[in-house]
Novice: 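Take a look at the following structure, please.
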Amino acid sequence: MTPVTAQIEVMLWLKAFHVIFVVTWFAGLFYLPRLFVYHVEASESVVRERLKIMQRRLLMITHVGGMLAVAFGTALMVWWLLNAPAYLHSGLWFHLKLALVACLIAYHCLLVRMVRQFATDSFSRSSRWLRIFNEIPALLLIGIVVLVVVKPL
């Protein structure tokens, strides 16, 4: 194996693990608000208590997916900066992608806050609001994938 081939193989492994943990992260970003909808609509206290446990556990998995997605994404960015910096500077696509990822992190932080509110029975939004809120990560995902794959800008 040549040194160039070995470097490319490292990049491909970083990319593979980045994608794996992005999928894990998004599973939580998509499903946690659904649990919130069920919680708001639940009338039995035993159901609400069970949903609190599910929310807390799913949030932990979402934290792991998010942290590892960001870690492998950062490692991948460093690889590109060291081996082919022009790739990341070939347009605005990468900067916009990072801005959308920052929005995802902010969304994740809002989920943390909501889990805390549900834990103390102080959440006051409607299930309709939560259904709309649940669409945000899908829109961000579409934007990120288009920017990375098509690179329109």
Side-chain angles (χ1 to χ4, degrees), residues 9-82 87-89 91-153:
E9 190 170 316
V10 167
M11 181 271 297
L12 292 173
W13 278 104
L14 291 172
K15 189 185 293 187
F17 280 106
H18 177 60
V19 170
I20 289 165
F21 291 112
V22 165
V23 170
T24 304
W25 189 19
F26 268 93
L29 295 178
F30 286 145
Y31 195 61
L32 199 50
R34 283 307 304 163
L35 290 179
F36 297 161
V37 169
Y38 301 147
H39 191 134
V40 167
E41 294 178 350
S43 57
E44 299 174 15
S45 62
V46 67
V47 172
R48 288 191 304 272
E49 292 304 313
R50 185 173 300 129
L51 286 166
K52 287 178 187 180
I53 294 167
M54 292 171 69
Q55 291 164 7
R56 191 181 70 248
R57 289 180 180 168
L58 181 57
L59 183 61
M60 291 301 115
I61 295 167
T62 306
H63 285 331
V64 171
M67 285 186 285
L68 290 172
V70 169
F72 279 103
T74 302
L76 193 54
M77 181 179 66
V78 168
W79 187 95
W80 282 109
L81 288 171
L82 293 174
Y87 177 72
L88 298 181
H89 300 293
L92 290 176
W93 71 270
F94 186 69
H95 298 89
L96 290 174
K97 181 220 178 193
L98 290 180
L100 293 180
V101 170
C103 291
L104 277 176
I105 293 169
Y107 183 87
H108 186 124
C109 292
L110 288 172
L111 294 179
V112 170
R113 184 171 162 226
M114 290 176 186
V115 167
R116 289 181 184 148
Q117 289 173 338
F118 277 106
T120 61
D121 297 316
S122 61
F123 188 81
S124 60
R125 302 277 188 169
S126 69
S127 62
R128 186 179 193 300
W129 185 90
L130 285 166
R131 282 181 166 83
I132 294 167
F133 178 76
N134 192 30
E135 300 306 319
I136 293 170
L139 297 173
L140 292 170
L141 177 64
I142 291 166
I144 290 168
V145 170
V146 168
L147 286 169
V148 171
V149 174
V150 180
K151 295 177 187 58
L153 302 169

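Residue indices begin at 1 and follow the sequence shown.
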Novice: Measure the spacing between CG of L81 and CG of L76 and express it to the nearest 0.5 Å.
Specialist: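 One finds 10.0 Å between CG of L81 and CG of L76.
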
Novice: Is any side-chain heavy atom of F26 closer than 4.5 Å to a side-chain heavy atom of L104?
Specialist: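 Of all side-chain heavy-atom pairs linking L104 with F26, at least one is under 4.5 Å.
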
Novice: What's the spacing between L14 CG and W80 CH2 if we round to 0.5 Å?
Specialist: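 Reported value, rounded in 0.5 Å steps: 11.0 Å.
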
Novice: Can you check whether L59 reaches V112 side chain to side chain, under 4.5 Å on heavy atoms?
Specialist: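 Answer yes - side chains close enough.
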
Novice: Heavy atoms, side chains only, cut-off 4.5 Å: are L111 and P33 in contact?
Specialist: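 Yes; the side chains approach each other to less than 4.5 Å.
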
Novice: Which heavy atom of A138 sits nearest a heavy atom of F30, and at what distance?
Specialist: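 The answer is N-CE2, 3.5 Å.
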
Novice: Could you tell me whether the side chain of S122 and the main chain of Q117 form a donor-acceptor pair under 3.5 Å?
Specialist: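 Yes: the side chain of S122 pairs with the backbone of Q117.
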
Novice: Taking atom CZ as the centre, does R34 end up with more than 12 heavy-atom neighbours from other residues, nucleotides or ligands that are less than 6.0 angstrom away?
Specialist: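 Atom CZ in R34 is crowded, with more than 12 foreign heavy atoms closer than 6.0 Å.
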
Novice: Do the charged groups of E41 and R131 touch, with an N to O distance under 4.0 Å?
Specialist: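 Salt bridge present between E41 and R131.
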
Novice: Can you confirm whether F17 sits close enough to L68 that some side-chain heavy atom of one is under 4.5 Å from a side-chain heavy atom of the other?
Specialist: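 In short, these two side chains do not touch, never coming nearer than 4.5 Å.
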
Novice: Does the gap between the ring centers of Y87 and F94 come in under 6.0 Å?
Specialist: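 Ring centres of F94 and Y87 not closer than 6.0 Å.
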
Novice: Any chance the rings of W129 and F133 have centres within less than 6.0 Å?
Specialist: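 They qualify: ring centres under 6.0 Å apart.
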
Novice: Any chance you could measure T24, atom OG1, to I61, atom CD1, to the nearest 0.5 Å?
Specialist: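 Between atom OG1 of T24 and atom CD1 of I61 there are 9.5 Å.
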
Novice: Would you say that E49 contacts K52 through its side chain, given a criterion of any heavy-atom pair below 4.5 Å between the two side chains?
Specialist: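 When only atoms from C-beta onward are counted, K52 and E49 do touch, with a gap below 4.5 Å.
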
Novice: Using side-chain heavy atoms (C-beta onward) and a distance below 4.5 Å, is M54 in contact with L51?
Specialist: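 Yes - at least one pair of side-chain heavy atoms lies under 4.5 Å apart.
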
Novice: Quick one: CG on L100 to CD1 on I144, what's the gap to the nearest 0.5 Å?
Specialist: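 Rounded to the nearest 0.5 Å, the CG-CD1 separation comes out at 5.0 Å.
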
Novice: Distance-only, no hydrogens or angles: does the R48 side chain make a donor-acceptor pair with backbone N or O of A42 under 3.5 Å?
Specialist: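 Checking the backbone N and O of A42 against the side chain of R48, a donor-acceptor pair under 3.5 Å is found.
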
Novice: Sub-3.5 Å donor-acceptor pair from the side chain of R125 to the main-chain atoms of L130, do we have one?
Specialist: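 Not confirmed, R125 side chain does not pair with L130 backbone.
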
Novice: Tell me yes or no: between the side chains of W25 and H108, is some donor less than 3.5 Å from an acceptor?
Specialist: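 Note: W25 and H108 side chains meet the donor-acceptor criterion.
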
Novice: Return yes when atom CH2 of W13 has more than 12 non-hydrogen atoms of other residues, nucleotides or ligands closer than 6.0 Å, and no otherwise.
Specialist: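 Counting neighbours around CH2 of W13, 12 or fewer heavy atoms of other residues, nucleotides or ligands fall under 6.0 Å, so no.
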
Novice: Do the rings of F36 and F118 sit parallel, tilted or perpendicular, given the 30° and 60° boundaries?
Specialist: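 Aromatic pair F36/F118 classed parallel.
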
Novice: Calculate, to the nearest 0.5 Å, the distance between atoms CG and CG belonging to L29 and L110 respectively.
Specialist: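 Atom-to-atom, L29:CG and L110:CG are 11.0 Å apart.
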
Novice: To the nearest 0.5 Å, what is the distance between CG on L98 and SG on C103?
Specialist: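 Between L98 CG and C103 SG, I get 11.0 Å after rounding to 0.5 Å.
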
Novice: Would you say the side-chain atoms of H18 pair up with the backbone N or O of F72, donor to acceptor, closer than 3.5 Å?
Specialist: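 Answer holds: no.
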
